[in-house]
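Values below: every heavy atom of this structure, side chains too, minus hydrogens, waters and symmetry copies.
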Amino acid sequence: MKKAAPGGEALDAAAQARERILAVIRAIPRGQVMGYGQVAAKAGLPGRARLTARVLGMNDDPDLPWHRVLRSDGRIAMPEGSRGWREQNQRLRAEGVVMERGRVKHMPRGGHDLDAALWGPV
């Protein structure tokens with residue numbers, strides 16, 4: 001019988017949390033956005049907005065719709081005017097998201113459409 005390496009369970013839990021966060025981000029429909037905390041809550045990790053940010057910061061998947069994740073107040077989390085800020089703003093506008101000075105005009109509070117995307121019709 002194989003013994004688990006020390007800390008192996010913690011690594012598995014961290015990998016599972018990462019995959020759950022990435023699954024929620026992948027399910028955000030085009031033209032919609034979520035806050036870091038909303039993503040964490042949907043992933044079953046309430047209160048872990050910073051973990052969502054960390055997972056996104058380590059992302060190397062070019063197909064991940066990272067640009068659909070914003071601060072809870074609808075603002076882009078990168079420094080205003082930076083290359084990343086401009087790219088996120090441009091991507092959101094291209095999807096039809098209304099932006100004003102780096103902030104989504106109407107930041108959603110719910111997530112009913114995302115629920116349907118993740119789990120099917122309710």
Side-chain angles (χ1 to χ4, degrees):
M1 184 169 160
K2 258 175 124 174
K3 281 190 173 182
E9 289 177 21
L11 287 176
D12 288 343
Q16 288 174 5
R18 180 181 181 278
E19 287 308 312
R20 291 194 328 239
I21 287 169
L22 291 173
V24 171
I25 294 168
R26 286 185 186 103
I28 301 171
R30 182 177 175 79
Q32 293 187 28
V33 296
M34 288 184 79
Y36 290 93
Q38 290 173 309
V39 169
K42 287 287 181 195
L45 302 161
R48 303 298 307 269
R50 289 183 181 182
L51 179 59
T52 299
R54 193 174 316 130
V55 167
L56 278 173
M58 295 185 306
N59 173 56
D60 59 359
D61 178 1
D63 296 323
L64 186 74
W66 60 270
H67 59 283
R68 297 177 187 152
V69 183
L70 303 167
R71 295 170 54 145
S72 62
D73 64 0
R75 289 186 294 151
I76 292 173
M78 292 178 241
E80 188 171 345
S82 68
R83 191 175 110 214
W85 186 93
R86 289 190 310 269
E87 181 178 352
Q88 189 169 9
N89 195 14
Q90 181 182 12
R91 285 178 179 223
L92 289 169
R93 286 177 186 268
E95 291 186 358
V97 177
V98 179
M99 304 288 294
E100 283 185 4
R101 289 179 243 123
R103 177 178 277 177
V104 172
K105 186 154 182 165
H106 300 289
M107 182 70 174
R109 293 289 174 208
H112 304 295
D113 291 340
L114 182 59
D115 284 338
L118 280 173
W119 314 113
V122 178

| field | V24/R20 under side chain to side chain contact (heavy atoms under 4.5 Å, CB included): CA gap, chis, key distance, verdict | value | CA-CA 6 Å; V24 171; R20 291 194 328 239; 5.8 Å; no

| message | Restricting to non-hydrogen atoms, name the atom on A17 and the atom on L51 that form the minimum distance, rounded to 0.1 Å. | response | CB-CD2, 4.3 Å

| query | Is the backbone of V33 close enough, under 3.5 Å, to the side chain of R68 for a donor and an acceptor to pair up by distance? | reply | no

| task | Please check if atom CZ in R26 has more than 12 non-hydrogen atoms from other residues, nucleotides or ligands closer than 6.0 Å. | result | yes

| field | Side-chain heavy atoms of L70 within contact of M34, under 4.5 Å | value | no

| query | Is there a side-chain contact between M78 and Q88 (heavy atoms, below 4.5 Å)? | reply | yes

| request: Give the minimum heavy-atom separation between R30 and A94, together with the two atoms involved. | output: NH2-O, 3.8 Å

| note | Heavy-atom closest pair (A40 atom, A49 atom, distance to 0.1 Å) is CB-N, 4.0 Å

| remark: The reported gap from CD1 in I21 to CG in L56 (rounded to nearest 0.5 angstrom) is 8.0 Å

| request: Taking the side chain as every heavy atom from C-beta outward, state whether I25 and L64 have any pair of such atoms under 4.5 Å apart. | output: yes

| said: I'd like to know whether R83 forms a salt bridge (Lys or Arg N to Asp or Glu O under 4.0 Å) with E87, so could you lay out the CA-CA distance, the side-chain angles of the two residues, the decisive distance to 0.1 Å, and finally the verdict. | reply: CA-CA 6 Å; R83 191 175 110 214; E87 181 178 352; 5.2 Å; no

| request: Decide side-chain hydrogen bond (donor to acceptor under 3.5 Å, both in side chains) for Q90 and H67; before the verdict, give the C-alpha distance in whole Å, the side-chain angles of both, and the deciding distance to 0.1 Å. | output: CA-CA 9 Å; Q90 181 182 12; H67 59 283; over 6 Å; no

| request: Compare every heavy atom of A77 with every heavy atom of Y36, then report the nearest pair and how far apart it is. | output: OH-CB, 3.5 Å

| field | Residue pair Q38 / T52, side-chain heavy-atom distance below 4.5 Å | value | no

| So, for G31 and V97, which heavy atoms are closest and what is the spacing to 0.1 Å? | O-CG2, 3.4 Å

| Nearest heavy-atom pair of N89 and I76: which atoms, and what distance? | N-CD1, 3.7 Å

